[in-house]
Structure formats: structure tokens, C-alpha cells
Amino acid sequence: MLTSKERAEIRARANTLETTLMIGKSGITDAVVAEAENLLTARELVKGKVLEGAFLTPREVSDALCEATGAEGISVIGTKFVIYRFSEKCQAERNQTGRAKRKTVSAAKADPVGKGVRARRAAAKKAKEQRDQYFREKAIERSIERSREKKLRGED
């Protein structure tokens, strides 16, 4: 099952694809299923069109092909549909050409504004801790000084 983000990425890739699978009035035959299998193995992504003479809706065609091939329906718009199935062959090609799936980016690298905000907060926290330490030391010194003065005056 694909997440909505994965589905959106695949839909974006499908925009530039040419329509490679045509469904006519004979509907979904064994030849159509075999061709869809070949296309899914070779490309992972298939864009199809249901012609006007067909007695099926594009949604019905997409669902039937997905069931027959083990693919997932990505989108159905008008008379066109897109189906997707992961292919080991395509993954091996991507690995060889260096176009494998990108690694996840940490939050610090993905959000430069947030990174700056976190850095400023850390610097402010460090400055506050230094101020507090300084005043703590001054308070201790002042207390020691007062106790010495009391001893000198004999108020103890």
C-alpha cells in the first residue's frame, strides 16, 4: 500500500508519460493483461486510455488491471488511468545509474530556518547560563565580604 506522498510523487512522474496501453471495445482481454504485465515489469508505471467504444469505465478498467497484475491504481482522470507496480528490474537499473531512492534528510538539513532558530535559542540559553553563573559567583563573593566586615567590626 502506498502512502499519499508516494502516490503524489508517482502521479507527478506519470504526467510526462505517453499513453502506452489502449483499451477498446473488446475490453480487458488476456492480451491486454499480458501487455500490462510487460509494461509494468519494464517501466513500473503504465498510463492507459479507455477509448470511446469501450463498454467499461476507466475506473473499472483500472481496478480490473490492478487485480489481474497485482498493481496499484494511482489515478483515473477522464478517460485516462495510471497504474504502478514496483519492479526489481527498474530498481537494479536505478542503482547502477546512481538514481536510487534518495535517503531521508534529517530535520536540521531539511529546514534551514528551523536550524537557525534552534542555533539562536541554544546561543541565548548558553549566554543566560553564563550570566547566571557570573551573578551567582558575585553573590557568593559579596556574602563572604559582608561576613568579613562583620567580623572586623565585631558584630558577630
Side-chain angles (χ1 to χ4, degrees), residues 1-140:
M1 191 72 181
L2 296 172
T3 65
S4 61
K5 283 194 175 208
E6 291 170 334
R7 192 176 305 278
E9 288 175 11
I10 293 170
R11 203 172 24 241
R13 283 183 13 211
N15 282 337
T16 59
L17 281 182
E18 293 293 321
T19 303
T20 54
L21 190 64
M22 300 285 192
I23 309 296
K25 65 180 175 182
S26 59
I28 300 172
T29 61
D30 292 335
V32 171
V33 172
E35 183 64 23
E37 282 281 344
N38 291 338
L39 289 170
L40 286 168
T41 303
R43 298 183 176 184
E44 287 187 330
L45 199 54
V46 174
K47 192 175 200 178
K49 181 176 182 178
V50 178
L51 301 176
E52 290 179 19
F55 298 110
L56 298 170
T57 66
R59 173 68 65 192
E60 292 170 343
V61 171
S62 174
D63 291 343
L65 283 175
C66 288
E67 186 177 317
T69 60
E72 289 201 45
I74 299 299
S75 69
V76 177
I77 299 174
T79 60
K80 296 187 178 184
F81 62 92
V82 177
I83 58 176
Y84 169 81
R85 182 179 70 192
F86 178 78
S87 171
E88 292 291 334
K89 178 182 173 186
C90 290
Q91 183 64 34
E93 289 174 9
R94 282 193 296 267
N95 288 341
Q96 287 177 351
T97 60
R99 293 185 326 161
K101 189 164 183 140
R102 290 181 291 179
K103 295 178 184 174
T104 57
V105 178
S106 68
K109 291 182 181 177
D111 184 16
V113 174
K115 184 178 181 181
V117 168
R118 286 188 294 276
R120 286 190 295 278
R121 284 182 184 158
K125 184 178 178 181
K126 184 176 180 181
K128 184 179 184 303
E129 289 172 356
Q130 288 175 345
R131 265 194 320 273
D132 290 348
Q133 181 66 26
Y134 172 79
F135 287 118
R136 208 173 294 120
E137 289 172 2
K138 287 295 181 184
I140 292 170

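Under the salt bridge (charged side-chain N to carboxylate O under 4.0 Å, His left out) criterion, Lys126 pairs with no residue at all, not counting sequence neighbours. For Lys125, the side-chain hydrogen bond (donor to acceptor under 3.5 Å, both in side chains) test picks out no residue, with sequence neighbours left out. A search for side-chain contact (heavy atoms from CB on, under 4.5 Å) contacts involving Thr3 returns Lys5, Glu6, not counting sequence neighbours. Applying the side-chain hydrogen bond (donor to acceptor under 3.5 Å, both in side chains) test to Asp132 and every residue at least two apart in sequence or in another chain returns Lys128. Under the side-chain hydrogen bond (donor to acceptor under 3.5 Å, both in side chains) criterion, Arg136 pairs with Gln133, sequence neighbours left out.
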Counting only pairs under 3.5 Å, give me each side-chain donor-acceptor contact of residues 52-65, with atom names and distances, residues two or more places apart or in other chains.
from, atom 1, to, atom 2, distance (Å)
Thr57, OG1, Glu60, N, 3.2
Glu60, OE1, Thr57, N, 3.1

Let me check something: any side-chain donor-acceptor pairs from residues 39-51 under 3.5 Å, sequence neighbours excluded? List them with distances.
from, atom 1, to, atom 2, distance (Å)
Thr41, OG1, Glu37, O, 2.9
Thr41, OG1, Arg85, NH2, 3.2
Glu44, OE1, Arg94, NH1, 3.1
Glu44, OE2, Ser87, N, 3.0
Glu44, OE2, Arg94, NH2, 3.3
Lys47, NZ, Ala14, O, 3.3
Lys47, NZ, Leu17, O, 3.4

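Scanning all heavy atoms of the two residues, the minimum distance from Val32 to Gly27 falls at CG2-O, 4.0 Å.
The OG1 atom of Thr19 sits 3.5 Å away from atom NZ of Lys80, with the distance rounded to the nearest 0.5 Å. Considering CD1 of Ile77 and CZ of Arg11, their distance stands at 7.5 Å, rounded to 0.5 Å. How far CD of Glu18 is from OG1 of Thr16: 9.0 Å, rounded to the nearest 0.5 Å. In this structure, Thr79 OG1 and Met22 CE are separated by 9.0 Å, a value rounded to the nearest 0.5 Å.
Within the 4.5 Å cutoff, the side chain of Ile83 has heavy atoms near those of the Phe81 side chain.
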